[in-house]
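In this text, all values refer to a predicted model and were calculated from it rather than measured experimentally. Residue numbers start from 1 in every chain, and the chains themselves are labelled A, B, ... in the order their sequence lines are given, proteins ahead of strands.
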There are 2 protein chains.
Amino acid sequence: MLSKACKYAIRSMLYLAIHADGTKKIGVNKIADDLKTPQPFLAKLLQQLQRDKLVSSMKGPKGGFFLDEKNKENSVWDIVMSIDGAAKFDQCFLGLSKCSDENPCPVHSIAFPFKQRILEDFRDKTIVQWAGEIKNSGKVISLKDIEV
Amino acid sequence: MLSKACKYAIRSMLYLAIHADGTKKIGVNKIADDLKTPQPFLAKLLQQLQRDKLVSSMKGPKGGFFLDEKNKENSVWDIVMSIDGAAKFDQCFLGLSKCSDENPCPVHSIAFPFKQRILEDFRDKTIVQWAGEIKNSGKVISLKDIEV
DNA sequence: TAATAAAAAGACTTTTTTATCCTTAATTAA
DNA sequence: TTAATTAAGGATAAAAAAGTCTTTTTATTA
Ligand code: FES
Ligand code: FES
């Protein structure tokens, strides 16, 4: 459903919301290492997000990425739009050219409510809200250092 | 979640269950046309399914594809396994290396039940059952000729 | 001011997925 | 038995996605 690129992007934005702020920026190296994503690829994605004003950055020593107050009020949906584009979620689970209640595919009745539910979460919650929930409820955005 | 290849394969198998039988075989040309899928690509997929004994075929005039009695008792999951492999459904929606209740990603609580629900349907129902439900409930496997 | 650390930018490569083409083999029917 | 029709198989090709590398720019600090 989401591209790898988009998954990396979402996780790194949540990571920044949890670990960084205006006084503590984090470099792409550390982010990539902690999330176990390819470093130069993630750098590209963060550049893209920066261009779309979803993340803030500073060059130079002590530089890195972080979320300013505005960035924090954006939604995960904004990230999806920036990286994958809006179309990703409209698609029919079985590949019909259009997903609709009028002409549902055989799994529409299961797939559509799910898509709606995720979309709602992506659209309606801010990045900080996501970050808060993650901190309070044992959810994880990386399996680094977790016993397998 | 599923590749295009797999979506084409599932829809064409359901198509055959609905429209073909041992006495009426259907050529890849007609299937591709009715489902609006690329013809030579679909041919490849049907070959693959045939090798895995999920579909039957006959060469020559009046030849084509169809499902014999055994084929009809297979599941949609068998199709997924043949084309995409089993791993596709285990994956974490946000790209963690493992999807688990123990270390859930932020959308696991929504995504996992959905995956389970679809998996159940794919595993437990036979192709004929799917075909029956489609015929009885206004579900569609193609939008050809449907007003947009 | 010089050395250094980090992001920005762009070109490039590799891998995967999707799709096409061409030749061969099998079957049917005239 | 010959022509026509259709699947099978194999080799490519094209497109998209994922990933890398190198150079430039900007900021920090010694
Ligand atoms: S029509 Fe297939 S998921 Fe909605
Ligand atoms: S852990 Fe992400 S979907 Fe299960």
Side-chain angles (χ1 to χ4, degrees), chain A residues 1-12 16 20 22-33 35-68 71 80 82-85 87-88 91 95, chain B residues 1-12 16 20 22-33 35-68 71 80 82-85 87-88 91 95:
Chain A
M1 189 108 61
L2 298 172
S3 67
K4 279 194 181 189
C6 195
K7 293 172 182 175
Y8 294 159
I10 293 172
R11 291 199 288 130
S12 53
L16 289 172
T23 64
K24 189 193 171 208
K25 294 140 199 158
I26 304 183
V28 70
N29 254 295
K30 172 147 178 60
I31 305 173
D33 185 58
L35 299 185
K36 297 199 288 185
T37 64
Q39 187 265 315
F41 190 53
L42 184 60
K44 281 284 165 219
L45 297 171
L46 288 170
Q47 275 174 43
Q48 167 71 28
L49 294 171
Q50 192 271 350
R51 268 185 242 113
D52 285 347
K53 310 257 182 266
L54 298 179
V55 73
S56 306
S57 65
M58 281 284 268
K59 293 180 180 178
K62 300 280 170 191
F65 293 91
F66 63 100
L67 302 182
D68 68 18
N71 298 149
V80 175
S82 171
I83 305 293
D84 273 353
K88 268 298 178 71
Q91 288 164 9
Chain B
M1 191 107 61
L2 299 172
S3 68
K4 278 194 182 189
C6 195
K7 294 173 182 174
Y8 295 160
I10 292 172
R11 291 200 289 130
S12 52
L16 288 173
T23 63
K24 190 192 170 208
K25 293 139 200 156
I26 304 184
V28 70
N29 252 294
K30 173 148 178 59
I31 305 174
D33 184 59
L35 299 184
K36 297 199 285 183
T37 64
Q39 187 266 313
F41 191 52
L42 184 59
K44 282 288 166 220
L45 297 171
L46 288 169
Q47 275 174 43
Q48 167 72 30
L49 295 171
Q50 192 270 349
R51 268 185 241 113
D52 285 348
K53 309 262 183 260
L54 298 178
V55 72
S56 306
S57 66
M58 281 282 269
K59 292 180 180 177
K62 300 280 169 189
F65 292 91
F66 65 100
L67 303 182
D68 68 19
N71 298 149
V80 175
S82 171
I83 304 294
D84 273 354
K88 268 301 179 67
Q91 288 163 9

Enquirer: Are OP1 or OP2 of D:dA8 and a side-chain N or O of B:S57 less than 4.0 angstrom apart?
Expert: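 B:S57 to D:dA8 OP1/OP2: side-chain N or O found under 4.0 Å.
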
Enquirer: Figure out the CG/C1' separation between A:D52 and C:dA8, and round it to whole Å.
Expert: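 Going from CG in A:D52 over to C1' in C:dA8 covers 15 Å.
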
Enquirer: Run the salt bridge (Lys or Arg N to Asp or Glu O under 4.0 Å) test against B:D33 and tell me which residues pass, sequence neighbours left out.
Expert: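 Checked B:D33 against salt bridge (Lys or Arg N to Asp or Glu O under 4.0 Å); matches are B:K144.
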
Enquirer: Give the B/S/- string for nucleotides 17-28 of chain D, one per nucleotide from 5' to 3', where a protein heavy atom under 4.0 Å of the base yields B, of only the sugar-phosphate yields S, and otherwise -.
Expert: -BBB----BBBB

Enquirer: Please list, chain by chain and in numerical order, all residues satisfying side chain to side chain donor-acceptor pair (under 3.5 Å) with B:S57, sequence neighbours excluded.
Expert: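 Partners of B:S57 by the side chain to side chain donor-acceptor pair (under 3.5 Å) criterion come out as none, since no residue qualifies.
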
Enquirer: Can you give me the closest heavy-atom contact between B:S12 and B:L46, atom names plus distance?
Expert: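 For B:S12 versus B:L46, the nearest heavy atoms are OG-CD2, 4.1 Å.
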
Enquirer: Atom NZ of B:K24 and atom C1' of D:dT6: how far apart are they, to the nearest Å?
Expert: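 After rounding, the gap between these two atoms is 16 Å.
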
Enquirer: Rounded to whole Å, how long is the line connecting atom CD1 of A:I26 with atom C1' of C:dA7?
Expert: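 Atom-to-atom, A:I26 to C:dA7, this comes out as 15 Å.
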
Enquirer: Could you check how far NZ of A:K30 sits from P of C:dA5, rounded to whole Å?
Expert: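 Nearest whole value for this atom pair: 18 Å.
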
Enquirer: Rounded to the nearest Å, what distance is computed from the CZ atom of residue B:R51 to the C1' atom of nucleotide D:dA7?
Expert: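 Taking atom C1' of D:dA7 as the reference, CZ of B:R51 is at 12 Å.
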
Enquirer: Please enumerate all residues that pass side chain to side chain donor-acceptor pair (under 3.5 Å) together with A:K53, with sequence neighbours excluded.
Expert: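 A:K53: no side chain to side chain donor-acceptor pair (under 3.5 Å) contacts found.
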
Enquirer: By ring-ring contact (aromatic ring centres under 6.0 Å, His included), which residues pair with B:F65, not counting sequence neighbours?
Expert: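 B:F65 satisfies ring-ring contact (aromatic ring centres under 6.0 Å, His included) with no residue once adjacent residues are dropped.
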
Enquirer: Please report the distance, rounded to the nearest Å, between CD in B:Q47 and P in C:dA26.
Expert: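 So the CD-P distance, B:Q47 to C:dA26, works out to 14 Å.
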
Enquirer: Between B:L46 (CG) and D:dA8 (C1'), how many Å, whole number?
Expert: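 Going from B:L46 (CG) to D:dA8 (C1'), I get 12 Å.
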
Enquirer: Starting from P on C:dA7, measure out to CG on A:L45 and report it in whole angstrom.
Expert: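 About 14 Å, once rounded to whole Å.
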
Enquirer: Residues in side chain to side chain donor-acceptor pair (under 3.5 Å) with B:K30, at least two apart?
Expert: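 B:K30 satisfies side chain to side chain donor-acceptor pair (under 3.5 Å) with B:D34 once adjacent residues are dropped.
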
